[in-house]
Protein chains: 2
Amino acid sequence: MQKEHNLSKNQKIIFDLIDKSGEPMKAYSILFNVQKKGIKAPLQVYRALDKLVEIGKIHKIESRNAFIACQNSSCQVSKATAFSICESCENVSEISNSKLSKYLSNFSDDSGMKYSKYNLEFFGLCKRCKSK
Amino acid sequence: MQKEHNLSKNQKIIFDLIDKSGEPMKAYSILFNVQKKGIKAPLQVYRALDKLVEIGKIHKIESRNAFIACQNSSCQVSKATAFSICESCENVSEISNSKLSKYLSNFSDDSGMKYSKYNLEFFGLCKRCKSK
DNA sequence: TTATAAATGTTATATTATTACATAACGTTA
DNA sequence: TAACGTTATGTAATAATATAACATTTATAA
């Protein structure tokens, strides 16, 4: 069961922008795009991004300092994320593979550490770029 | 077989510092620490870091913007990296688990994408922090 | 030795992210 | 509804991370 989060005004503006773009967006590009809606300062953007990440509506692509809308409807929380990133065209997509997520969520080693979260980024060339 | 890389002067200074510290170091902290050795500008640090990452002597912890020496002697290149990160004390260690690396190196999905590299970061509480 | 690539030095600047402080809106419950 | 705590907002300043551009030097190898 998925908790319904009522997004605040700024959160909604910023989520809609990222969601519509369909690709990773950088914070200052988001800022530029929402200035006409009254969001003027970086902090307003970062606060909304923090909250959206926290509730799992978006994810941060760490290697790119960019944010993408969650493409996985059943993903409440950003606890287990995996992405494929094309190093040529920079296309990013979320991997939802239940075997992979099961494998990683259950992973443990001899360090005695309990893993509660992971983020995985795969790199390579996408179909289109490979065939060039 | 491991290729021997002859590090340049700056690369050696910076690698030695990171290696001795045994923990992730941030670029500007590195800069501060090597100023007495004549390295004065951020770019000098970033160039050495780039090279060291490229040849696999260090890895970047993407979620922390920090760099750690490779703890795995057989790791020539940063193609397949996995780390465990304690969210309380920020201790980071490299996971070298052949099952895991085999699983991820061979991972493929239906996207038609050929993955040549990955980076995985696990988060949780380390033994010490858990018992507090 | 010569030419080519790799590394260095230096200045300036771009990009990403947070601190600090003040105010407003929202949700609960007395 | 009044009072309270929590969450969100607004604004300015600044900190932290990273790169561009250009000149020069050092190492490598043909």
Side-chain angles (χ1 to χ4, degrees), chain A residues 3-18 21 23-68 77-78 87 90 92 119 121, chain B residues 3-18 21 23-68 77-78 87 90 92 119 121:
Chain A
K3 188 173 174 208
E4 195 47 54
H5 284 283
N6 297 314
L7 300 184
S8 74
K9 178 172 138 280
N10 289 0
Q11 288 159 17
K12 192 159 175 11
I13 290 170
I14 286 172
F15 174 72
D16 286 346
L17 175 69
I18 299 173
S21 100
E23 55 184 20
M25 293 193 74
K26 306 201 142 218
Y28 277 73
S29 151
I30 293 168
L31 175 57
F32 177 80
N33 278 278
V34 296
Q35 274 174 335
K36 47 182 174 289
K37 304 226 174 188
I39 295 176
K40 296 178 201 155
L43 188 49
Q44 294 176 291
V45 172
Y46 281 104
R47 282 196 286 223
L49 290 173
D50 284 352
K51 187 67 186 186
L52 291 168
V53 165
E54 187 193 320
I55 66 181
K57 300 281 286 181
I58 65 172
H59 304 301
K60 182 171 188 181
I61 310 300
E62 293 287 357
S63 65
R64 299 298 185 262
N65 297 318
F67 300 85
I68 194 169
V77 180
S78 300
E87 290 185 294
E90 292 293 324
V92 172
N119 178 56
E121 298 181 3
Chain B
K3 185 170 176 212
E4 194 45 56
H5 284 283
N6 296 313
L7 300 184
S8 73
K9 177 171 137 279
N10 288 0
Q11 288 159 17
K12 192 159 175 13
I13 291 170
I14 287 172
F15 174 72
D16 286 346
L17 175 68
I18 299 173
S21 101
E23 56 184 20
M25 293 192 73
K26 306 202 143 218
Y28 278 74
S29 152
I30 293 168
L31 175 58
F32 177 81
N33 278 278
V34 296
Q35 274 174 336
K36 48 184 172 289
K37 304 226 175 188
I39 295 176
K40 296 177 200 155
L43 190 48
Q44 294 175 291
V45 173
Y46 281 105
R47 282 197 286 223
L49 291 174
D50 283 352
K51 186 68 185 186
L52 292 167
V53 166
E54 187 192 319
I55 65 181
K57 301 282 285 182
I58 64 172
H59 304 300
K60 182 171 187 181
I61 309 300
E62 293 287 356
S63 66
R64 299 298 186 258
N65 298 317
F67 300 85
I68 193 168
V77 180
S78 299
E87 290 185 293
E90 291 293 323
V92 171
N119 178 56
E121 298 181 3

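Note on naming: letters A, B, ... go to the chains in the order of the sequence lines (proteins, then strands), and numbering restarts at 1 for each one. Bear in mind the structure is a predicted one, so any value in this text is a computation, not a measurement.
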| query | Looking at the side chain of A:Gln44, which of D:dT11, D:dA8, C:dT16 is the nearest nucleotide? | reply | D:dT11

List, with names and distances, any nitrogen or oxygen atoms from the protein found under 3.5 Å away from nitrogen or oxygen atoms belonging to nucleotides 24-30 of chain D.
none

| request: Report which part of the nucleic acid B:Lys12 touches: base, sugar-phosphate, or nothing (heavy-atom distance under 4.0 Å, all strands). | output: nothing

| task | Please name all residues satisfying side chain to side chain donor-acceptor pair (under 3.5 Å) with B:Ser63, sequence neighbours left out, ordered by chain then number. | result | B:Glu121

| Between C:dT16 atom P and A:Glu62 atom CD, what is the distance in whole Å? | 13 Å

| request: Taking the side chain as every heavy atom from C-beta outward, state whether A:Asn10 and A:Val34 have any pair of such atoms under 4.5 Å apart. | output: no

| request: Please tell me which of the listed nucleotides, C:dA7, D:dT19, D:dT9, lies nearest to the side chain of B:Leu43? | output: D:dT19

| note | From the candidates D:dA18, D:dT9, C:dT18, the one with an atom nearest any side-chain atom of A:Asn10 is D:dT9

| said: Counting only heavy atoms and a strict 4.0 angstrom limit, can you tell me which residues of residues 26-41 of chain B come near DNA chain C? | reply: B:Lys40, B:Ala41

| field | Separation of atom CG in B:Asp50 from atom P in C:dA6, rounded to whole Å | value | 14 Å

| task | Supply the atom-to-atom distance B:Phe15 CZ to B:Phe67 CZ, rounded to the nearest 0.5 angstrom. | result | 14.0 Å

| Atom CE of A:Met25 and atom C1' of C:dT15: how far apart are they, to the nearest Å? | 15 Å

| message | Taking 4.0 Å as the cut-off, does a side-chain nitrogen or oxygen of B:Lys60 come that near to OP1 or OP2 on D:dT17? | response | no

| request: Could you walk me through whether A:Lys60 and A:Ile68 pass the side chain to side chain contact (heavy atoms under 4.5 Å, CB included) test, one step at a time? | output: CA-CA 6 Å; A:Lys60 182 171 188 181; A:Ile68 194 169; over 6 Å; no

| said: Let's see if you can work this out: which of C:dA7, C:dA20, C:dA17 has an atom nearest to the side-chain heavy atoms of A:Tyr46? | reply: C:dA17

| request: Could you tell me which residues satisfy salt bridge (charged side-chain N to carboxylate O under 4.0 Å, His left out) with A:Asp16, sequence neighbours excluded, listed by chain and number? | output: A:Lys12

| task | Find out whether B:Leu49 and B:Ile18 are in side-chain contact, i.e. whether some heavy atom of one side chain is under 4.5 Å from a heavy atom of the other. | result | yes

| field | Sequence-distant partners of B:Ser21, side-chain contact (heavy atoms from CB on, under 4.5 Å), two or more places apart | value | B:Glu23, B:Met25

| query | Starting at CZ of B:Arg47 and ending at C1' of D:dT17, how long is that distance when rounded to a whole Å? | reply | 16 Å

| Tell me: CD1 of A:Ile61 to P of C:dT16, nearest whole Å? | 14 Å

| note | Here the gap from A:Ile14 atom CD1 to A:Leu31 atom CG, rounded to the nearest 0.5 Å, amounts to 8.0 Å

| task | Kindly point out which of C:dT8, C:dC21, D:dA8 is positioned nearest to the side chain of A:Lys51? | result | D:dA8

| message | From CD of A:Gln11 over to C1' of C:dC26, roughly how many Å is that when rounded to an integer? | response | 13 Å

| Can you tell me how far CG of B:Leu52 sits from OG of B:Ser8, rounded to the nearest 0.5 angstrom? | 8.0 Å

Can I get a per-line list of side-chain donor-acceptor pairs under 3.5 Å for residues 36-44 of chain A, giving both atom names and the distance, sequence neighbours left out?
from    : atom 1 : to      : atom 2 : distance (Å)
A:Lys36 : NZ     : A:Asn33 : O      : 3.1
A:Gln44 : OE1    : A:Lys40 : N      : 2.8
A:Gln44 : OE1    : A:Ala41 : N      : 2.9

| said: With a cut-off of less than 4.0 Å, is there a side-chain N or O of B:Ser8 near OP1 or OP2 of C:dT8? | reply: yes

| message | Quick test of your reading: applying salt bridge (Lys or Arg N to Asp or Glu O under 4.0 Å), list the pairs with at least one residue in residues 43-53 of chain B, sequence neighbours left out, ordered by first then second residue. | response | B:Lys51-B:Glu54

| All salt bridge (charged side-chain N to carboxylate O under 4.0 Å, His left out) counterparts of A:Glu87, not counting sequence neighbours | B:Lys117

| said: Distance check needed: C:dA6 C1' versus B:Glu54 CD, whole Å only. | reply: 11 Å

| query | Is DNA chain C part of any stem, that is, at least 3 consecutive Watson-Crick or G-U pairs with both distances under 3.5 Å, and where? | reply | C:1-30 with D:1-30

| task | Ignoring backbone atoms, establish whether A:Asn65 has a side-chain N or O less than 4.0 Å from OP1 or OP2 of D:dT17. | result | no

